[in-house]
Colleague: 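Once you've had a glance at the structure underneath, I'll fire off some questions.
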Amino acid sequence: MKIAVLLSGSGTNLQSLLDAEAAGFFKSEIALVVSNKADAYGLKRAEAMNKKTYVEGDDDLVSVLEKEGIDFIVLAGYLKILSGDLLHRYEGRIINIHPSLLPAYGGKGMYGIKVHEAVFEAGEVRSGATVHYVNETVDGGKILLQSSVDIRRLRSPKEIQETVLVLEHELLKTAVRFCEEGIL
Ligand code: GRF
């Protein structure tokens with residue numbers, strides 16, 4: 001698969017994918033890294049690995065992706081709702097990683113530390129990460145993979161976030177491998 005990774009921020013999940021590609025963990029190529037924010041640190045990570053980057057502007061994203069021959073999209077901390085046209089063109093070929101055990105703690109407004117604050121305040125015993133297909137419902141597409149951890153010893157939302165992020169990095173590269181093998 002020729003993959004585009006879409007992000008808005010730090011890009012540690014992108015880094016995990018770049019490292020996995022370099023290590024031969026999956027066969028797919030990360031052909032393009034897209035950000036809706038010009039100052040996203042993830043773009044620097046991409047450039048450091050000599051990856052092509054694109055900052056969203058006025059051009060239609062679908063045509064940019066098609067021009068690059070992209071056939072699979074990974075959302076990794078992309079804080080923007082995708083347009084209907086893009087969802088339609090890439091139906092069944094877009095995955096997202098979310099830092100909770102969906103369907104719990106998902107949906108509009110549930111992103112970043114807010115997710116972990118809600119989990120912490122609810123006194124959950126476990127939390128984790130979910131990779132799911134993307135459709136028009138925020139965090140509502142078919143769940144592909146989940147990984148969970150006991151969080152009873154963790155003392156703050158930040159500690160939960162850091163712990164879940166480690167799970168995310170393993171989960172996302174595994175999801176890419178399963179998708180390219182047609183398992184998921
Ligand atoms: C991750 O927690 C991911 O689950 C969520 O956004 C965060 C992105 O982190 N969708 P990073 O930019 O990959 O470090």
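The model shown is predicted, which means the values in this text are computed figures rather than measured ones. Both counts, for ligands and for their atoms, begin at 1 and track the order of listing. Values below: all heavy atoms of this structure, side chains included; hydrogens, waters and symmetry mates excluded.
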Colleague: Strictly below 4.0 Å, N to O, side chains only: are Arg177 and Glu180 in salt-bridge contact?
Modeller: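 Glu180 and Arg177: not salt-bridged.
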Colleague: I'd like to check whether Leu14 has a polar contact with ligand 1, where a contact means an N/O of the residue lying under 3.5 Å from an N/O of the ligand.
Modeller: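 Min N/O separation from ligand 1 is not below 3.5 Å for Leu14.
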Colleague: Looking only at the side chains, is there a donor atom on one of Ser127 and His116 sitting less than 3.5 Å from an acceptor on the other?
Modeller: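 No, no side-chain donor-acceptor pair sits under 3.5 Å.
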Colleague: Could I get the full list of side-chain hydrogen bond (donor to acceptor under 3.5 Å, both in side chains) partners for His132, not counting sequence neighbours?
Modeller: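 Only Asn96 meet the side-chain hydrogen bond (donor to acceptor under 3.5 Å, both in side chains) criterion with His132.
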Colleague: For atom 13 (O) of ligand 1, state which one of Leu172, Leu17, Leu79, Asn13 supplies the nearest heavy atom.
Modeller: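 Of the listed residues, Asn13 has the closest heavy atom.
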Colleague: Can you see whether Glu68 engages Tyr54 through a side-chain donor-acceptor pair at a distance of less than 3.5 angstrom?
Modeller: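 Glu68 vs Tyr54: no donor-acceptor pair found between side chains.
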Colleague: Any non-hydrogen atom of Leu7 lying under 4.0 Å from ligand 1?
Modeller: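 Not so, Leu7 does not reach ligand 1.
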Colleague: What I want to know is whether Ile97 and ligand 1 share at least one N or O pair that is separated by under 3.5 angstrom.
Modeller: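 Yes.
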Colleague: Need the ligand 1 atom indices (1-based, order shown) with element for anything under 4.0 Å from a heavy-atom of Thr12.
Modeller: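 Result: 11 (P), 12 (O), 13 (O), 14 (O).
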Colleague: What's in the same ILVMFWY side-chain cluster as Ile143, cut-off under 4.5 Å, chained through other members?
Modeller: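 The other cluster members (ILVMFWY side chains, heavy atoms under 4.5 Å, direct or chained) are Leu102.
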Colleague: Might you point out which heavy atoms bring Ala4 and Leu65 nearest each other, and give the distance in Å?
Modeller: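 Reported closest heavy-atom pair: CB-CD2, 3.7 Å.
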Colleague: Starting from atom 6 (O) of ligand 1, what is the nearest protein heavy atom, named by residue and atom, and what distance separates them?
Modeller: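 The closest heavy atom on the protein side is Gly77 CA, 3.3 Å.
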Colleague: So for Gly11, does at least one of its heavy atoms come nearer than 4.0 angstrom to any atom of ligand 1?
Modeller: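 Distance cut 4.0 Å: Gly11 passes for ligand 1.
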Colleague: Go through ligand 1 atom by atom and flag the ones less than 4.0 Å from a non-hydrogen atom of Glu168.
Modeller: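 Those qualifying, in numeric order: 1 (C), 2 (O), 3 (C), 4 (O).
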